[in-house]
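In what follows, every heavy atom counts, from backbone to side chain, and hydrogens, waters and symmetry copies are set aside.
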Amino acid sequence: MNHHSAYDRAHDDAQRLARRHERDLHWAKERRRQHEREVAAASALLASTPWALARRTVAISLVLLAAVGVGEAVAAAAHLPAGWLLLADAVAIAFAVVVVVCAAVSLTGIRSRRAAARALLRSHDARLSHTQYHIHESVHSFIDSHAEVVNTRPARVA
């Protein structure tokens, strides 16, 4: 007995559309989870004090500046010729400037991340509403397309 199905382009198109709507629904739900992760990270960032965020930058900068000072003292104690001592001073100053600039950039980055976190939390309700709209639309599109798949299912040929 032969139970092959006849090819039905409408059914094939309906299945393709249903898969697309299913992918859209998964994307919308994943986007919602991503928003929730971003909000949790922003809340955690704002919950910690600015000093707690800057502590590591300040500590590393102080250690590096202390190392520059120790290196400068070692160079002075080594009784180097004047030209070499001048070069050691220039290198120490350049390194100290780099450390200070990098610390300033890091501290500015902390400030801008906190400002971005505040902006994200202010826009949370609008983003949540927009994402929920996409989920709602995707669910209805998926249900409609699944019904179309069922309605266009080809009849069995005996």
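Summarising the geometry, atom CZ belonging to Arg113 is positioned 6.0 Å from atom CG belonging to Leu45; distances are rounded to the nearest 0.5 Å. Taking CG from Leu25 and NE2 from His21, the interatomic distance works out to 11.0 Å, rounded to the nearest 0.5 Å. Here the straight-line distance linking atom OG of Ser141 with atom NE2 of His134 works out to 11.5 Å at 0.5 Å rounding. Taking NE2 of His26 as the reference point, atom CZ of Phe142 lies at 7.5 Å (rounded to 0.5 Å). Interatomic distance, Arg20 CZ to Ser138 OG, rounded to the nearest 0.5 Å: 9.5 Å.
In this structure, Ser145 and Ala18 approach most closely via the heavy-atom pair OG-CA, 3.3 Å. Scanning all heavy atoms of the two residues, the minimum distance from Leu53 to Ile110 falls at O-CD1, 3.3 Å. The heavy-atom pair separating Ser112 from Gly109 by the smallest distance is OG-O, 3.0 Å. Smallest separation of non-hydrogen atoms from Ala14 and Val149: O-CG2, 3.3 Å.
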N/O donor to acceptor pairs below 3.5 angstrom from side-chain atoms of residues 55-64, sequence neighbours left out:
residue, atom, partner, partner atom, Å
Thr57, OG1, Ser106, OG, 2.8
Ser61, OG, Thr57, O, 2.8

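Side chain to side chain, Arg37 and Gln34 meet the donor-acceptor criterion of an N or O pair below 3.5 Å.
Few gaps surround CZ on Arg16; more than 12 heavy atoms of other groups in view lie less than 6.0 Å from it. His11 NE2: more than 12 foreign heavy atoms inside a 6.0 Å radius.
Linking Ile, Leu, Val, Met, Phe, Trp and Tyr residues whenever their side-chain heavy atoms come within less than 4.5 Å leaves Val100 and Leu107 in two separate clusters. Under the 4.5 Å side-chain heavy-atom criterion for Ile, Leu, Val, Met, Phe, Trp and Tyr, Val101 and Ile93 are members of the same hydrophobic cluster.
When side chains are defined from C-beta on, Ile135 counts as touching Gln132, because their heavy atoms get closer than 4.5 Å. For the pair Glu148/Leu17, no side-chain contact is recorded, criterion being any heavy-atom separation below 4.5 Å from C-beta on. The side-chain heavy atoms of Glu38 and Arg127, taken from C-beta on, include a pair separated by under 4.5 Å. Taking the side chain as every heavy atom from C-beta outward, Arg32 and Leu128 approach each other to under 4.5 Å. Residues Arg118 and Leu121 are not in side-chain contact: their nearest non-hydrogen atoms beyond the backbone lie 4.5 Å or more apart.
Listed for the His35 side chain is no donor-acceptor partner under 3.5 Å among the backbone atoms of His124. No side-chain donor-acceptor contact under 3.5 Å links Arg31 to the backbone of Thr131. Side chain of Ser129 to main chain of Asp125: no donor-acceptor pair is present (N/O by atom type, distance under 3.5 Å, no hydrogens or angles).
Ion pairing between a basic and an acidic side chain is recognised when a charged N comes within 4.0 Å of a carboxylate O; Arg33 and Glu30 show such pairing. A salt bridge is absent between Asp12 and Arg9: the closest approach of a Lys/Arg side-chain nitrogen to an acidic carboxylate oxygen does not fall below 4.0 angstrom.
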